[in-house]
Protein chains: 2
Amino acid sequence: MARRKKAGPDPLSTEEKIKEAARKVFLRKGFSGTRTRDIAEEAGINLALLNYYFRSKQKLFDEVMKEKIQTLLKTIIPVLQDNSTTLEEKIKLMVSNYFKVLSKNNDLPIFVLNELRKNNISFISNLPVGKAILQTSFMLQLKQRKANVDPVHFLMSMLGLIIFPFVAKPILTQSGMISERKFQSLIEERELLIPLWMKAILK
Amino acid sequence: MARRKKAGPDPLSTEEKIKEAARKVFLRKGFSGTRTRDIAEEAGINLALLNYYFRSKQKLFDEVMKEKIQTLLKTIIPVLQDNSTTLEEKIKLMVSNYFKVLSKNNDLPIFVLNELRKNNISFISNLPVGKAILQTSFMLQLKQRKANVDPVHFLMSMLGLIIFPFVAKPILTQSGMISERKFQSLIEERELLIPLWMKAILK
DNA sequence: GTCTATAACCTGATAGAC
DNA sequence: GTCTATCAGGTTATAGAC
């Protein structure tokens, strides 16, 4: 629980303890399923202190959510924008970057996607990040291939192949279809398979 | 709102009015985000009446959830099990069946997947539906192809290609990447594209 | 900064009249 | 079956002592 940037003592500040607890609880239970008491308890501090540092449950949530969206975007945007890499290199990088992030945080995609669906989260609507993606090096390279597949299709498909297993994990494991171990090994295989599949789709 | 099985008067029974309202509100807000008062208001009846017909919020939710999971399973299981169709036919059928269901109910997948993640929904763990899928005609046909791809990979990928766009829709539209119209047209295209892609992946 | 105590409000569920 | 009124318990947020 106590995450340290380096070795040694360096106890987390109270503020960071609360935020770390909030990350954990919000991700597991969502906004409306989380009680501020849960966060306080998880952080080992008092409920009043949570409101002292963050004004409200909503503001604390917004900070966590903003951070998580940033994590997901930083995983993909720089790769898409890089003018010095080939299309194939970008695909491999996106896959490996995402698997690195999601393997440590299986719940991240479904948490973000679902909360974004329930509330209309303001800071997504504000940044025109969607339109920016349409003009990245990645999308241009796709167009230049003149493959008979819309670049948006291609991107959606790749993200689906990467992210969906994590979203579906609860159904797959709880229904007895695959074990936790089998899931892990499938994920590892996919890191190699998805780039091959995307190549096949392009032709 | 008033859904009728045939033309003519046939007003919904109170019980069905409540259930219909519950479907709508639960799907939009999830279990913990929904207040029973919201459902009562949506149904145009009183809060007390909700508890008269269904014993509790949880029981009403369970009925809705069970129904939705059934919808998703009935869309796919019979197709997977059918011994009289080819692999290619099954793929096309799954895709078109799912698009038919999901086009009318975009929120269905993320609702089910997320609630299943938060709570451990009992009736999924009980039915060994996961293991059953592994022994369907579909999975056997995949093995017989001796393609160098695990059938579970193949199924996960196909479901990802079908379902992920609906799960990601809030991000895609709210971020300004695509409009609602563009989303619809992309979905229609995918019904033809996904079977082709799956064929490409198989080789 | 951190705590205890509590205010102010909300929510699920029920009692009881009709 | 359906309603109004209300209870009992939980939840966010704050007041105030230390």
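The structure presented is a predicted model; accordingly, all values stated were derived computationally and were not measured. Order of the sequence lines sets the chain letters (A, B, ...), proteins ahead of strands, with each chain counted from 1.
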- Query: Can you check whether A/T85's main-chain N or O pairs, donor with acceptor, with A/Q141's side chain at less than 3.5 Å?
  - Reply: yes

- Message: Between A/K92 and A/S96, is there a side-chain heavy-atom distance shorter than 4.5 Å?
- Response: no

- Task: State, with a plain yes or no, whether a side-chain heavy atom of B/V129 is found less than 4.5 Å away from one of B/I77.
- Result: yes

- Item | Expected output: side-chain A/K59 to main-chain A/N51 donor-acceptor under 3.5 Å | no

- Item | Nucleotide range of DNA chain C lying under 4.0 Å from chain B heavy atoms | C/dT11 to C/dA15

- Would A/S137 and A/K90 count as having a side-chain donor-acceptor pair, cut-off 3.5 Å? yes

- Message: Taking the basic N atoms (NZ, or NE/NH1/NH2) and the acidic carboxylate oxygens, is any pair closer than 4.0 Å for A/K118 and B/E115?
- Response: no

- Task: Strictly below 4.0 Å, heavy-atom distances to any atom of DNA chain D: list the hits from residues 46-58 of chain A, or just say none.
- Result: A/L47, A/A48, A/N51, A/R55, A/S56, A/K57

- Backbone of B/F31 reached by a side-chain donor or acceptor of B/K57 within 3.5 Å: yes

- Can you tell me the distance, in whole Å, between the CD1 atom of A/I18 and the P atom of D/dA13? 13 Å

- Charged N to carboxylate O under 4.0 angstrom, B/D150 versus A/K182? yes

- Message: Any residue in residues 25-33 of chain A with a heavy atom nearer than 4.0 angstrom to DNA chain D? Just list them by number, or reply none.
- Response: none

- Query: Has A/E41 got more than 12 heavy atoms of other residues, nucleotides or ligands less than 6.0 Å from its CD?
  - Reply: no

- Message: Main chain of A/S13, side chain of A/E16: is a donor-acceptor contact present, judged purely on distance under 3.5 Å?
- Response: no

